[in-house]
Amino acid sequence: MTAVLFDFSGTLFRIESAESWLRAVLDEADLPLGERELAEAARGLEEAGALPGGAEPVRVPDELAGLWATRDRSAEQHRAAYTGMARRVALPDPALYDALYDRHMTPRAWAPYPDAAEVLRTLRERGVAVGVVSNIGWDLRPVFRAHGLDVYVDAYVLSYEHGIQKPDPRLFARACAAVGAEPEDVLMVGDSRAADGGAAALGCAVHFVDHLPVAERPDALRPVLDLAGRARTSPAGGARTQ
């Protein structure tokens, strides 16, 4: 493999918990909320799928279904989809819905997985190009810079900048071109079989990790270092991996 493409959320980074997210915004707005009420609101936001990078919604209401399905194609659709989901939960001030969305775009809302820096640095040392390809509605580059990982990334291909979202093979094609590699020489690493698995249709090898809290996934990225050095195989009945 001459290049490795990584998903962002749930692969290299994990968003903070819904309770931490809500607490930070309430503190910033100086709006006190009892612990019980805060926990209930955070649980409601999580169930609604209102936290980008967090849990999938328990149910997408009919009036938001179309927007939700295409939310990663533009910044405007992304904000509208997630604030729309958040508004399903009662909060003490209407301004909090946009404040929550703004909070999730800040570097302090994200933490890299423990082995992310080691894996990215080692790939760079080996001369393997690294790209980040993400379904997202905002510029994640400041998150990488703030956590010191931007120096290991050669290219970012973000759905909202192209109007295309995974699993569309066109987004992976643009990512391969951005890192100067042919698809058959590229490994895609992600947490979503539905979205990241789309790279297999282009001819990329694919490897999946579990979308778990940072403390529960200390070393799931390390196998990528071995995978990037092996000849590709195609196991029966699954996406190709190395």
Check against side-chain contact (heavy atoms from CB on, under 4.5 Å), T2 and V128: CA-CA 5 Å; T2 61; V128 177; over 6 Å; no
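- For the pair A228 and L123, the tightest heavy-atom approach, listed with the atom from each and the gap, is CB-CD2, 4.2 Å.
- Without hydrogens or angle criteria, D115 side chain to A220 main chain gives a donor-acceptor distance under 3.5 Å.
- Contact of the H207 side chain with the V4 side chain is not registered, since no non-hydrogen atoms from C-beta on lie closer than 4.5 Å.
- Around the CD atom of E28, the shell of radius 6.0 Å holds no more than 12 heavy atoms that belong to other residues, nucleotides or ligands.
- In this structure, the side chains of V133 and F6 stay at 4.5 Å or more apart for every pair of heavy atoms.
- In this structure, the separation between NE2 on H211 and OG1 on T11 is 8.0 Å, given to the nearest 0.5 Å.
- Using a 4.0 Å cut-off between charged nitrogen and carboxylate oxygen, R141 and E161 count as a salt-bridge pair.
- No side-chain heavy atom of H78 sits less than 4.5 Å from a side-chain heavy atom of M105.
- A distance of 10.0 Å separates CZ in R73 from CG in N135, rounded to the nearest 0.5 Å.
- Between Y101 and W21, the gap from one ring centroid to the other reaches at least 6.0 Å.
- Looking at L100 and L45, their side chains come closer than 4.5 Å, going by heavy atoms from C-beta outward.
- Applying the side-chain contact (heavy atoms from CB on, under 4.5 Å) test between V130 and each of V179, D154, L149 identifies D154 as the sole match.
- Side chain of D185 to main chain of A181: no donor-acceptor pair is present (N/O by atom type, distance under 3.5 Å, no hydrogens or angles).
- Using a 4.0 Å cut-off between a side-chain N of Lys or Arg and a carboxylate O of Asp or Glu, K166 and D72 do not qualify as a salt bridge.
- For the atom pair CG of L67 and CE of M85, the computed distance is 9.5 Å after rounding to the nearest 0.5 Å.
- No donor-acceptor distance shorter than 3.5 angstrom exists from the side chain of R124 to the backbone of V119, with no hydrogens or angles considered.
- T83 and R87 share a side-chain donor-acceptor pair at under 3.5 Å.
- Note that CG of L120 is 8.0 Å distant from CG of L221, once rounded to the nearest 0.5 Å.
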Audit row: L225, R126, side-chain contact (heavy atoms from CB on, under 4.5 Å) steps and yes/no: CA-CA 10 Å; L225 297 176; R126 293 180 181 178; 3.9 Å; yes
Quick one, S134 with L140, criterion side-chain contact (heavy atoms from CB on, under 4.5 Å). Give me CA distance, side-chain angles, the key distance, then yes/no. CA-CA 9 Å; S134 175; L140 52 71; 3.9 Å; yes
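- When side chains are defined from C-beta on, R108 does not count as touching H147, because their heavy atoms never get closer than 4.5 Å.
- For the residue pair D102 and Y97, no side-chain donor N or O sits within less than 3.5 Å of a side-chain acceptor on the partner.
- In the hydrophobic clustering of this structure, L212 does not group with V224; members are Ile, Leu, Val, Met, Phe, Trp, Tyr whose side-chain heavy atoms approach within less than 4.5 Å, directly or through other members.
- At a cut-off of 3.5 Å, with distance as the only test, no side-chain donor of T70 or Q165 sits close to an acceptor on the other residue.
- For the pair R14 and Y113, the cation does not sit on the ring face, since its NZ or CZ is not both under 6.0 Å from the ring centre and inside 45° of the axis.
- The shortest non-hydrogen separation linking V157 to A178 is CG2-CB, 4.1 Å.
- In this structure, R79 and D98 have side chains that are in contact, with non-hydrogen atoms separated by less than 4.5 Å.
- At a threshold of 4.5 Å between non-hydrogen side-chain atoms, the residues V143 and F8 count as touching.
- No side-chain donor-acceptor contact under 3.5 Å links S74 to the backbone of Y160.
- Ion pairing of R88 with E47 is absent here, as no side-chain N (NZ or NE/NH1/NH2) approaches a carboxylate O to less than 4.0 Å.
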Worked check of side-chain hydrogen bond (donor to acceptor under 3.5 Å, both in side chains) between H104 and W110: CA-CA 8 Å; H104 104 274; W110 295 88; 5.7 Å; no
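- The side-chain heavy atoms of D150 and Y156, taken from C-beta on, include a pair separated by under 4.5 Å.
- What you find for C204 and C176 is that their closest heavy atoms are SG-SG, 3.9 Å.
- The CG atom of D191 sits 5.0 Å away from the CG atom of D7 when rounded to the nearest 0.5 Å.
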From CA spacing to verdict: salt bridge (charged side-chain N to carboxylate O under 4.0 Å, His left out), E16, R103: CA-CA 10 Å; E16 64 187 330; R103 161 76 185 185; 2.8 Å; yes
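- How far CZ of F13 is from CZ of F144: 5.0 Å, rounded to the nearest 0.5 Å.
- Minimum heavy-atom separation, P92 to L33: CG-CD1, 4.5 Å.
- Applying the side-chain hydrogen bond (donor to acceptor under 3.5 Å, both in side chains) rule to D168 yields the partners R170; only residues at least two apart in sequence or on another chain are considered.
- Residues I15 and G53 share a closest heavy-atom pair of CG2-O, 3.3 Å.
- Taking each heavy atom of P107 and A146 in turn, the nearest pair found is CB-CB, 3.4 Å.
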